[in-house]
Amino acid sequence: MTSNNSTRSTVPTQNISGITPDVRFLLLPLPEFTLLPFGGFVDKLRFSADEADYSQQRYCTWQVLGLQKGLISSSSGIAVDVEITEDEVVLSDYDYLIVFGSRTARGSLDVSTHYSKLLQRAARQNLTLVGIDNASFLLAACGLLTGHSVALHWRHEQEFREAFPRINIRREQLYCLDKKRATCAGGSAAIDLAVELLARHCGRARALKGLADMLVDETRESVHHLKSLNEEISQDRHVTRAIGLMRSHLADKKTVDEISALIGVSRRQLDRLFKKNVGQTARQYWTEMRLQHVRWRLKNSSLSLPVLADEIGVQDTSYLCKLVNRRFGKNPSRLRNHTT
């Protein structure tokens, strides 16, 4: 999977069609990058790049950047070819450096020493640095998000807050454009971000070109509540609202009584609605949500038990171990090392 232009050390003022590109992108996939945001972002560029559907880089251009020549494997095993290396690239020839994060936050953090020099150079050259998915962890670790707000995947908000407590998180935003920095929650939101960036340089009409071909009904604004987080579980508006609040207050000491008060129903009514829609009481559902969060963290991060306990509002790690063992039949250590 490669882009269609040949490798070159600089981007000419005019492309092969004699048209000066409106905007120029460098794409930097990290090891084990997730393929969905990368593919969605690149395909949106491709559709907007020329008049028809010939994939010619006329109105916008892009190249895949890497530390060295070779292939970079995605988390699914599909690889992309590095077209231009850190030593070859003339950063001033580009407008944006788009960094596609690793599958896990830890994966993005672990490579920070390798990519820091390149990212710092790009910042000094006044490129807009864009972190997609877990790439926000890398930018923050390199000190490049200080004084900026970030948009994150909902699953990684607490982990990011623990690691970088001084950086403001924009909740319920698909992407965040903040001066010379931009961040994106990942997934299909990369398409929405690409549309916004293209609109700023190529005009709205060109930015929207090809969405029907991509079977995308419409673009989403940066502030967007992801309905699928809750609607796949229940169509009842009170239950949907309660689940959203539970997810937002995963680490807090709030009670189910406080949740029911916030949505304007009694605790008894809320339990009745939960029983009808999901087969559990509200408290049982919230406990399960918290334990599934811990289970995912154990398998996809190296965070310590005290940190995981804080993430779900449990102060006593021994009690956390008891809860995990009771629910999954394994203590946290065995659950973390278990492959299935």
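When a residue number appears, it is its place in the shown sequence, counting from 1. Here the structure is a predicted model, which is why all the values come from computation and not from measurement.
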Distance (rounded to the nearest 0.5 Å) between [X] [atom1] and [Y] [atom2]:
X: Leu291; Y: Arg327; atom1: CG; atom2: CZ; result: 7.5 Å
X: Leu45; Y: Cys60; atom1: CG; atom2: SG; result: 5.0 Å
X: Ser75; Y: Leu36; atom1: OG; atom2: CG; result: 10.0 Å
X: Tyr94; Y: Leu27; atom1: OH; atom2: CG; result: 9.5 Å
X: Leu138; Y: Leu145; atom1: CG; atom2: CG; result: 9.0 Å
X: Leu119; Y: Arg124; atom1: CG; atom2: CZ; result: 10.5 Å

Do [X] and [Y] get their side chains close enough for a donor-acceptor pair, meaning under 3.5 Å?
X: Arg46; Y: Ser55; value: yes
X: Ser76; Y: Ser74; value: yes
X: Glu86; Y: Tyr115; value: no

What I'd like to find out is whether the side chain of [X] reaches to under 4.5 Å of the side chain of [Y], using heavy atoms alone.
X: Asp22; Y: Leu198; value: no
X: Arg161; Y: Ile169; value: yes
X: Lys299; Y: Arg336; value: no
X: Thr219; Y: Arg204; value: yes
X: Val324; Y: Leu335; value: yes
X: Cys321; Y: Leu305; value: yes
X: Leu174; Y: Ser222; value: no
X: Leu177; Y: Arg200; value: yes

Can a donor-acceptor pair be found, under 3.5 Å and without considering hydrogens, that links the side chain of [X] to the backbone of [Y]?
X: Arg241; Y: Ile263; answer: no
X: Asp178; Y: Arg181; answer: no
X: Lys253; Y: Gly313; answer: yes
X: Asn134; Y: Ser108; answer: no
X: Glu196; Y: Leu193; answer: no
X: Lys209; Y: Asp50; answer: yes
X: Asp316; Y: Ser318; answer: yes

With side-chain contact (heavy atoms from CB on, under 4.5 Å) as the test, would you mind laying out the steps for Ile243 and Phe274 before giving the verdict? CA-CA 10 Å; Ile243 290 172; Phe274 264 80; 3.9 Å; yes
Please say whether the positively charged group of Arg24, taken as NZ for Lys or CZ for Arg, lies over the ring of Tyr96, i.e. under 6.0 angstrom from the six-membered ring centre and within 45 degrees of the axis.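 Not flagged: Arg24 not positioned over aromatic ring of Tyr96.
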Face-on cation placement of Arg103 at Phe33 ring, 6.0 Å and 45° thresholds: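 Verdict for Phe33: no cation-pi partner in Arg103.
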Can you name the closest pair of heavy atoms from [X] and [Y] and give their distance?
X: Asp257; Y: Ser260; answer: O-OG, 2.7 Å
X: Val80; Y: Pro29; answer: CG2-CG, 3.9 Å
X: Ser149; Y: Cys176; answer: O-SG, 3.7 Å
X: Val42; Y: Trp62; answer: CG1-NE1, 4.0 Å
X: Ala309; Y: Thr317; answer: CB-CG2, 4.4 Å
X: Gln56; Y: Ala49; answer: O-CB, 3.2 Å

Between the side chains of [Y] and [X], is the shortest nitrogen-to-carboxylate-oxygen separation below 4.0 Å, so that they form an ion pair?
X: Glu88; Y: Lys69; answer: yes
X: Lys276; Y: Asp236; answer: no
X: Arg295; Y: Glu288; answer: no

Compute the centroid of each ring, for Phe137 and then for Phe160, and state whether the two points are separated by less than 6.0 Å.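 Yes, close enough.
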Can you check side-chain contact (heavy atoms from CB on, under 4.5 Å) on Tyr175 and Ile132, steps first, answer last? CA-CA 9 Å; Tyr175 58 86; Ile132 293 184; over 6 Å; no
Trace of the side-chain contact (heavy atoms from CB on, under 4.5 Å) decision for Arg297 with Glu159: CA-CA 9 Å; Arg297 281 279 194 251; Glu159 187 174 6; 3.0 Å; yes
Cluster companions of Val216 among Ile, Leu, Val, Met, Phe, Trp, Tyr (side-chain spacing under 4.5 Å):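 Under the 4.5 Å side-chain rule, Val216 groups with Phe47, Ile191, Val195, Leu208, Leu211, Met214.
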Criterion salt bridge (Lys or Arg N to Asp or Glu O under 4.0 Å) on Asp271 and Lys275, from CA distance to verdict: CA-CA 6 Å; Asp271 276 334; Lys275 274 282 193 180; over 6 Å; no
Applying side chain to side chain contact (heavy atoms under 4.5 Å, CB included), can you list everything that pairs with Arg290, at least two apart in sequence or on another chain?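 Arg290 satisfies side chain to side chain contact (heavy atoms under 4.5 Å, CB included) with Leu250, Trp286, Ile312 once adjacent residues are dropped.
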Verdict with reasoning, Val99 to Val130, per side-chain contact (heavy atoms from CB on, under 4.5 Å): CA-CA 6 Å; Val99 188; Val130 181; over 6 Å; no
